[in-house]
Number of protein chains: 2
Amino acid sequence: MTKQTNRSDCPINLSLEAWGDKWSLLIIRDLMFEGKRTYGDFLKSPEKISTNILAARLKSLQEVGIIVASGSPDRGTKGYHLTQKGIDMLPMMLEVYLWTEKHYPIPEHVQTILTKVKADKAGFAAAAALRLQSSDNDAS
Amino acid sequence: MTKQTNRSDCPINLSLEAWGDKWSLLIIRDLMFEGKRTYGDFLKSPEKISTNILAARLKSLQEVGIIVASGSPDRGTKGYHLTQKGIDMLPMMLEVYLWTEKHYPIPEHVQTILTKVKADKAGFAAAAALRLQSSDNDAS
DNA sequence: CCGCATCCCTATAGATACTG
DNA sequence: CAGTATCTATAGGGATGCGG
């Protein structure tokens with residue numbers, strides 16, 4: 001039942017079909033920068049995603065291979081994390097941050113980080129990617 | 001009537017509220033890389049946007065300041081073009097292209113261009129931006 | 001004919017209540 | 001806590017209308 005839309009083979013369109021909705025990038029943000037892992041974590045984000053949408057997005061992001069679910073451990077809490085394909089969205093996400101910073105007022109603590117990003121974009125991305133890759137197999 | 005949602009002040013969210021739907025980035029792509037300008041041009045794109053959606057997106061993209069409409073010239077054809085805010089989306093758009101290239105089969109002619117992009121990302125973006133800025137006040 | 005606006009209808013998004 | 005069920009709202013497709 002994996003949706004087989006493919007309005008066109010344009011890369012922009014293929015990207016939109018993978019994560020082009022109002023919520024997917026927020027989940028990716030949470031996984032990428034906020035250290036969130038569980039269904040409950042995502043629900044707590046300030047945008048207040050509703051439970052059915054969250055479940056649907058988690059499913060579709062798994063279907064397109066951007067995230068994977070780690071089988072629920074002892075405590076019964078299932079965790080999600082980014083695949084390499086998801087981690088590869090980092091440069092794009094950083095550009096989204098930088099575009100927004102240029103055209104909207106954004107929270108000060110984000111500004112602070114973005115100053116570092118601008119100083120060494122590739123370095124920041126590499127360090128963040130390493131951190132995400134190592135968390136692929138952590139326990140707690 | 002400019003929508004004042006603002007689910008949060010997170011930059012990712014602010015971006016999503018500006019262009020986070022299934023169509024806006026395709027219009028921006030057409031303006032940025034395909035040299036398209038008119039309503040009819042956009043309709044001809046392979047994704048086959050319908051007329052009411054196109055009109056709605058052109059309106060919302062103007063409201064958020066990503067595009068502007070140039071008053072219809074002699075022949076009665078209104079043109080649109082990117083504002084500086086829209087042109088500033090170039091680095092992000094390039095990263096979208098690069099991400100897709102890495103994870104999906106894409107058309108060969110796009111591959112060719114992306115090879116150049118990877119060789120000199122900043123240079124490519126600067127050249128493209130210059131071209132877009134100069135087209136702000138062209139006639140034909 | 002071109003650039004939209006409108007209407008109708010269907011499909012999907014999304015809020016809320018509820019269940020294993 | 002992690003989802004499903006149900007219901008409503010909005011996005012979107014397609015045809016059509018209408019002014020320039």
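A quick note: this is a predicted structure, and the numbers were derived from the prediction, not measured. In what follows, every chain begins at residue 1, and chains take the letters A, B, ... in the order their sequences are listed. Computed from heavy atoms alone, side chains included, the values below leave out hydrogens, waters and symmetry copies.
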To the nearest angstrom, the NZ-P distance between A:Lys78 and D:dT4 comes to 9 Å
Rounding to an integer number of Å, can you tell me how far B:Tyr39 OH sits from D:dG19 P?
17 Å
N or O in side chain of B:Trp23 less than 4.0 angstrom from D:dG12 OP1/OP2
yes
Taking atom P of C:dA11 as reference, at what distance in whole Å does atom CG of B:Asp21 sit?
21 Å
Can you tell me how far P of C:dG3 sits from NZ of B:Lys36, to the nearest Å?
13 Å
Checking side-chain polar atoms at under 3.5 Å, does B:Tyr104 have a donor or acceptor matched by the opposite partner on A:Lys85?
yes
Where the side chain of A:Thr51 is defined as all heavy atoms beyond and including C-beta, which of D:dA2, D:dG12, C:dA17 is the nearest nucleotide?
C:dA17
Any side-chain donor near an acceptor of the partner, B:Ser45 and B:Lys36, under 3.5 Å
yes
For B:Asn52, which contact category applies under a 4.0 Å heavy-atom criterion: base, sugar-phosphate, or nothing?
base
Identify whether any heavy atom of A:Lys22 sits under 4.0 Å from a base atom; if not, whether one sits that close to sugar-phosphate; answer base, sugar-phosphate or nothing.
sugar-phosphate
Contact class for A:Phe42 (heavy atom, under 4.0 Å): base, sugar-phosphate, or nothing?
nothing
Send over the distance from A:Ile53 CD1 to C:dG14 P, rounded to a whole Å.
5 Å
I'd like to know if B:Phe42 and B:Ile53 are part of one continuous hydrophobic network [Ile/Leu/Val/Met/Phe/Trp/Tyr, side-chain heavy atoms within less than 4.5 Å].
yes
Between OG1 of B:Thr115 and CD of B:Glu101, what distance do you get to the nearest 0.5 Å?
6.5 Å
Does the side chain of A:Tyr80 get closer than 4.0 angstrom to OP1 or OP2 of D:dA2 through an N or O atom?
no
Toward the 5' end of DNA chain C, which comes first, B:Leu58 or A:Arg57, by nearest nucleotide?
B:Leu58
A:Ala55 has a side chain; which of D:dT4, D:dA2, C:dC4 sits nearest to it?
D:dT4
Separation of C:dC4 C1' from B:Ile49 CD1 (nearest whole Å):
13 Å
Rounded to whole Å, CG of A:Leu43 lies from P of C:dA17 at a distance of 15 Å
From NZ of B:Lys44 across to P of C:dC1 the rounded distance in Å is 13 Å
Before we go on, tell me: are the rings of B:Tyr97 and B:Phe33 under 6.0 Å apart, centre to centre?
yes
Does C:dG14 have its OP1 or OP2 closer than 4.0 Å to a side-chain nitrogen or oxygen of A:Ser50?
no
